[in-house]
*Asks:* 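For reference, the structure I am asking about is given below.
A quick note: this is a predicted structure, and the numbers were derived from the prediction, not measured. Each chain gets a letter, A, B and so on, in the order its sequence line appears, and its residues count up from 1.
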There are 2 protein chains.
Amino acid sequence: MSDEKTRMAAYSALTEFLERKRLRKTSERFHILDKILSMPGQFEVEDICKAMADDAYRVSRATIYNTLSLFDECGLIRRCPSTDTRARYERAAYATSRFQLVCLQCGKIKDVKDAELARQISARRYSAFHPSEFSLMVYGICSRCMRHNKKRTINTTNTESTVRIKKQ
Amino acid sequence: MSDEKTRMAAYSALTEFLERKRLRKTSERFHILDKILSMPGQFEVEDICKAMADDAYRVSRATIYNTLSLFDECGLIRRCPSTDTRARYERAAYATSRFQLVCLQCGKIKDVKDAELARQISARRYSAFHPSEFSLMVYGICSRCMRHNKKRTINTTNTESTVRIKKQ
DNA sequence: TTTACTGCAAATATTTTGCAATATC
DNA sequence: GATATTGCAAAATATTTGCAGTAAA
């Protein structure tokens, strides 16, 4: 689908939802939707705040929180499971059946396409559960870290304290 | 493995890690480890705090946070991806290759065993990535919600505001 | 004796909420 | 005009940190 078509589809979906629920079509909601459509992949509340500020469009943080909840509820976006403290979201269009390789060492995430495996997973039936999509994360060590590890002798006398680990 | 053997193994693993890193074998660390071993599945910081309090063992919250980070780092537990604000952990022994059905409506999670599918996933090779385990989450609607949905006529004139959604 | 570790309280970070002002219907 | 929505600031919740005292090595 072209960008413009995607945008139109998202606008209609939101409009339809708001009308059905008798909610208001505020400019904030559509501006935030625009920003979401411009996000390349997963995003955080902060990303939307920044994007709005870059646009010199003033919205309160609370409104962004509320709007993201609303969009999650109406299915335009989805809150992703994350190992982090902050909420992460992604567009629902992207949410369909993810398959990723996660390096346990450097944390890098790589998207993988494997239609055959996807087909096999989707083909499974579990009693009366009605599946719609899946998320397969394969954990391990990426090639880069693997090479890196081989070069090093393993340090067993590391003295640095590991107790208070800073975030990023 | 019997409970006692599991406990001994975990104790040795922690002891080995602490010695290797020249960290101290404090009673807090082993007490918290005990509590973790008694947790049935995933747990939160709060669960450990409660368990310690039930035991009338006083530890500060900060120590629990630090200890969980430490255990995560040494591989005894793992921080789980979660849709929630709070950090969730689980024992590493449980972390190996999870397969779960997640109901998008009620949020219930069901563990599934499917050795055949697990085998198929493990059999895949992706360039130089070295997999160790995987996590497959299948999203959909559980049988209970499905039955429940059928009983209802769909309410399209819902007027209630959806803007501020309370947590649980 | 040295210094890693703990508890405490204060600081940060993230999200939610009450309320008055505003804008949609 | 009625009331859903917003912004703001304050509250609530989750996590981290500085520091002085305690205890493991």
*Asks:* Do A:Met39 and A:Tyr89 touch side chain to side chain, with heavy atoms closer than 4.5 Å?
*Replies:*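 They are not in side-chain contact.
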*Asks:* Do the two ring centres, one from B:Phe99 and one from A:Tyr126, sit under 6.0 Å apart?
*Replies:*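 Yes, the ring centres sit under 6.0 Å apart.
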*Asks:* For B:Val45 and for A:Arg61, find the nucleotide of DNA chain D with the closest heavy atom, then tell me which residue's nucleotide is more 5'.
*Replies:*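 The residue closer to the strand's 5' end, by nearest nucleotide, is A:Arg61.
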*Asks:* Any base atoms under 4.0 Å from A:Glu28, or only sugar-phosphate, or nothing? Heavy atoms, all strands.
*Replies:*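 Contact class for A:Glu28: sugar-phosphate only.
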*Asks:* Rounded to the Å, how far apart are B:Phe17 CZ and C:dA4 C1'?
*Replies:*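 Atom CZ in B:Phe17 sits about 14 Å away from atom C1' in C:dA4.
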*Asks:* Choosing from D:dG7, D:dT17, D:dA14, which nucleotide comes nearest the side chain of B:Thr85?
*Replies:*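 Closest of the options to the side chain of B:Thr85: D:dA14.
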*Asks:* Please determine whether a side-chain nitrogen or oxygen atom of A:Arg29 lies at a distance below 4.0 Å from atom OP1 or OP2 of D:dT5.
*Replies:*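 Yes.
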*Asks:* Which of these, B:Arg91, B:Arg78, B:Arg88, sits in a side chain to side chain donor-acceptor pair (under 3.5 Å) with B:Gln42?
*Replies:*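 For B:Gln42, the side chain to side chain donor-acceptor pair (under 3.5 Å) test succeeds with only one of B:Arg91, B:Arg78, B:Arg88, which is B:Arg88.
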*Asks:* Tell me which nucleotide among C:dT15, D:dT17, D:dT6 gets nearest to the side chain of A:Tyr65.
*Replies:*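 Output: C:dT15.
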*Asks:* To the side chain of B:Leu23, which of C:dC5, D:dT5, D:dA14 is closest?
*Replies:*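 The answer is C:dC5, which lies nearest to the side chain.
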*Asks:* Determine: side-chain N/O of B:Arg58 to OP1/OP2 of C:dC8, distance under 4.0 Å, yes or no.
*Replies:*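 Indeed, a polar side-chain atom of B:Arg58 lies that close.
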*Asks:* Indicate whether OP1 or OP2 belonging to D:dT6 is found under 4.0 Å from a side-chain N or O atom of A:Ser60.
*Replies:*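 For D:dT6, neither OP1 nor OP2 has a side-chain N or O of A:Ser60 closer than 4.0 Å.
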*Asks:* Nearest-Å distance, OH (A:Tyr57) to C1' (D:dG7)?
*Replies:*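 Spelled out: OH on A:Tyr57 to C1' on D:dG7 is 12 Å.
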*Asks:* From C:dA4, D:dT6, C:dG7, pick the nucleotide closest to the side chain of B:Arg24?
*Replies:*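 So the nucleotide nearest the side chain must be C:dA4.
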*Asks:* Using whole Å, report how far CE of A:Met52 lies from C1' of D:dG7.
*Replies:*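 These atoms are roughly 13 Å apart.
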*Asks:* Side chain of A:Thr26 only, heavy atoms from C-beta on: which candidate in D:dT5, C:dT14, D:dT17 is closest?
*Replies:*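 Selected nucleotide: D:dT5.
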*Asks:* In whole Å, I'd like the distance from the NZ atom of A:Lys21 to the C1' atom of D:dT3.
*Replies:*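 After rounding, the reported distance stands at 18 Å.
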*Asks:* Could you tell me whether the side chains of A:Tyr11 and A:Asp34 share a donor-acceptor contact shorter than 3.5 Å?
*Replies:*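 A:Tyr11 vs A:Asp34: donor-acceptor pair found between side chains.
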